[in-house]
Amino acid sequence: MDKRVTFKGWALPLLLIAPQAAISAVFFFYPAGQAVWQSLFIPDPFGLSSQFVGLENFTYLLGDPYYRAAFATTAVFSGLVTLCSMVPALFLAVMADRLVKGAGTYRTLLIWPYAVAPAVAGVLWLFMFNTRVGVVSWYLGQLGYDWNHVLNQGEAMGLVVIASSWGRISYNFLFFFAALQAVPKSVIEAAAIDGARFWRRFFTIVLPLLSPTTFFLLVVNVVYSFFETFGVIHTITGGGPQQATTILVYKVFSDGFVGQDLGSSSAQSVILLLVVGALTVLQFKFLEKRVHY
Amino acid sequence: MARNVHGMVEKRGAGLWLTHVAMIAGVLVIFFPIWLAFVASTVTQAEIIRPPMPLWPGDQFAENYRNALVSGINVPVATMLLNSLVMAIGIAAGKIAISLLSAFAIVYFRFPARSLFFWLIFLTLMLPVEVRIVPTYEVVAGFGMLNSYSGLILPLIASATATFLFRQFFLTIPDELAEAARVDGAGPMRFFRDIVLPMSRTNIAALFVILFIYGWNQYLWPLLITTDPGMNTIVMGIKQMFPSGDDFAHWPTIMATSILAMIPPVIVVVSMQRLFVRGLVDSEK
């Protein structure tokens, strides 16, 4: 992994690495350290001093029904977002892969929503399902279904899941499509000669060959739904109703900035850090495996 | 025989049409929210608050967009567009600049604590800004950087994806080039400028596309540190346009702003599709 040929001297390389090292230290390591440090304290109500409490913030959190609920909400939410963004993407990619002509045009059209910020996607979907002016909710009303994500927890969850999955379909489509194009045609043709029909070929040959891509996308989409969906939830539901859409990241924000509970918010940050760490390890394990392919 | 097999694998006739129908249906469903936003940005508020709103564009296009850009709701949208542009370009250019330098140092030099730096940079990969918002906010506030471009940009540059990408790429540059440069008596910075930079052009461009979109689409960070509407970015500013009480939101202006917020990243993605797909695949590897 190392170069044989290198340049001499150590002052220059240290100078070159200094900007990144400085920015990482000031805006990354110091705040991350602060998060860990603050998670061990409880500030007094006036914010004048803090008291060292050890792991009390953590034990309190793990026993707190609201925090546990946020964990469960996050699990449901990220599971649904991963599913709703990967299945349609795979279907569209399989369809596009069958086309000899025109696949490029469809790709250009499907790539669009990826560029739309999650927060903007949230506003678009909020507009469609708005309880007073939304087109979709109005037509649902005509069909006799009274849509109200402001009050109904299940509908609120459904809406943030769809809005979060929407732009992600483009992303997953790109990766599935590239992977499908890389499946050797000879394998498919051999199966066709053996008389396997399209969907049978898909499930017995193509899908297993896609498994590295699928696994990679699983991890990436879970990470996405953990963090980048903040904008969707903040614009559509604000975590409600009754915290039904409060995922972990949203709770770090609402406890830390809205509730000003720094000890708890920091402890939550540390727990999230561990979760991300575990996901990253998983991702790297998988990368190692993929190298052997 | 070969032709026959092709017939079985690549669809023709009815199957081909069904495939096109499925693709078109998929594209329409995916596009519908954008279409609706566009329609809403071309009609009057009165047409929207009496549902159902029309599904075909009206004649208020110029009026709504002029209104949004020039006056907006809290602040002219043109100001927010400018802030977003500065932030996105600042993040993309800043990250690329510091990453090129540090990756060059890590690959082409042996210096004390090199592997320590490498691992420290590696660690920053793991923690998105969302996780460390409270302490990062305090640091930025401590520097007096709230409501400033440097406050918007600097904390988001502290991540190592770009460094890793450049490191991977530099490792593939043939050793002979560095050898030749050394024999010719060219110093490391000369080698960097004349050989490494030109060779990295495509990677830089691909990364720029990805980072520009990343920066443009930021939401939580600008939400926290820009309390002055004049510093709002467009993506976070849309939410600020909603009334806090029970009033009707002014949808034509909000939707015109949403469309304006999409245009720059969409142009970047669609016009640089090749680079974008490449950058995406590279940066996730």
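All chains are named by letter (A, B, ...) in the order of the sequence lines, taking the proteins before the strands, and each is independently numbered beginning at 1. As a basis for the values below, the full set of heavy atoms in this structure was taken, side chains included, without hydrogen atoms, waters or symmetry mates.
Of the two parts of A:Phe226, neither the backbone nor the side chain holds a non-hydrogen atom closer than 4.5 Å to a non-hydrogen atom of chain B. Contact of A:Ser265 with chain B is made through the side chain alone, with heavy-atom distances under 4.5 Å. Using a 4.5 Å cut-off between heavy atoms, A:Trp112 touches chain B through backbone and side chain atoms alike. Interface residue A:Val135: only side-chain heavy atoms are found under 4.5 Å from chain B. Neither the backbone nor the side chain of B:Ile267 comes within less than 4.5 Å of any heavy atom in chain A. Contacts between B:Val139 and chain A at a heavy-atom distance below 4.5 Å involve the side chain alone, from C-beta outward. Contacts of A:Ile169 with chain B are made by side-chain atoms alone, with heavy-atom separations under 4.5 Å and no backbone atom involved.
In this structure, the side chain to side chain contact (heavy atoms under 4.5 Å, CB included) partners of A:Ala21, at least two apart in sequence or on a different chain, are B:Phe117.
Most heavy-atom pairs under 4.5 Å with chain B: of the set A:Ile111, A:Val94, A:Asp97, A:Leu110, this distinction falls to A:Ile111. The candidate with the highest count of non-hydrogen atom pairs below 4.5 Å against chain A, out of B:Ala25, B:Pro52, B:Pro155, is B:Pro52. Among A:Leu248, A:Val26, A:Val136, the residue making the largest number of heavy-atom pairs under 4.5 Å with chain B is A:Val26. Between chain B and the options A:Gln34, A:Gln142, A:Arg107, A:Gln268, heavy-atom pairs under 4.5 Å are most frequent for A:Arg107. Comparing A:Leu15, A:Leu92, A:Leu99 by heavy-atom pairs within less than 4.5 Å of chain B, the highest count is held by A:Leu99. When B:Ala40, B:Ser102, B:Pro112, B:Ala22 are compared by the number of non-hydrogen pairs under 4.5 Å with chain A, B:Ser102 comes out ahead. In terms of non-hydrogen atom pairs under 4.5 Å with chain B, the most contact-rich of A:Phe91, A:Phe29, A:Trp125 is A:Phe29. Counting heavy-atom pairs closer than 4.5 Å to chain B, the top residue among A:Trp10, A:Phe7, A:Phe27 is A:Phe7.
Counting only N and O atoms by type, the side chains of B:Gln218 and B:Thr233 include no donor and acceptor under 3.5 Å apart. Inspection of the B:Gln168 and B:Thr172 side chains reveals no N or O donor paired with an N or O acceptor under 3.5 Å.
Geometrically, B:Lys239 does not engage B:Tyr219 in a cation-pi contact defined by less than 6.0 Å to the ring centre and at most 45° from the axis. Remark: B:Arg114 is not positioned above the aromatic ring of B:Phe109, lacking an NZ or CZ atom under 6.0 angstrom from the ring centre and at most 45 degrees off the axis.
A:Trp166 CH2 to B:Ile30 CD1: the interatomic distance, rounded to the nearest 0.5 Å, is 8.0 Å.
A donor-acceptor pair under 3.5 Å links the side-chain atoms of A:Thr108 to the main chain of A:Gly104, judged by distance alone.
Here the closest heavy-atom approach between residue A:Ala121 and residue A:Ala163 is recorded as CB-O, 4.0 Å.
Counting heavy atoms from C-beta on, the side chains of B:Leu224 and A:Phe253 come closer than 4.5 Å.
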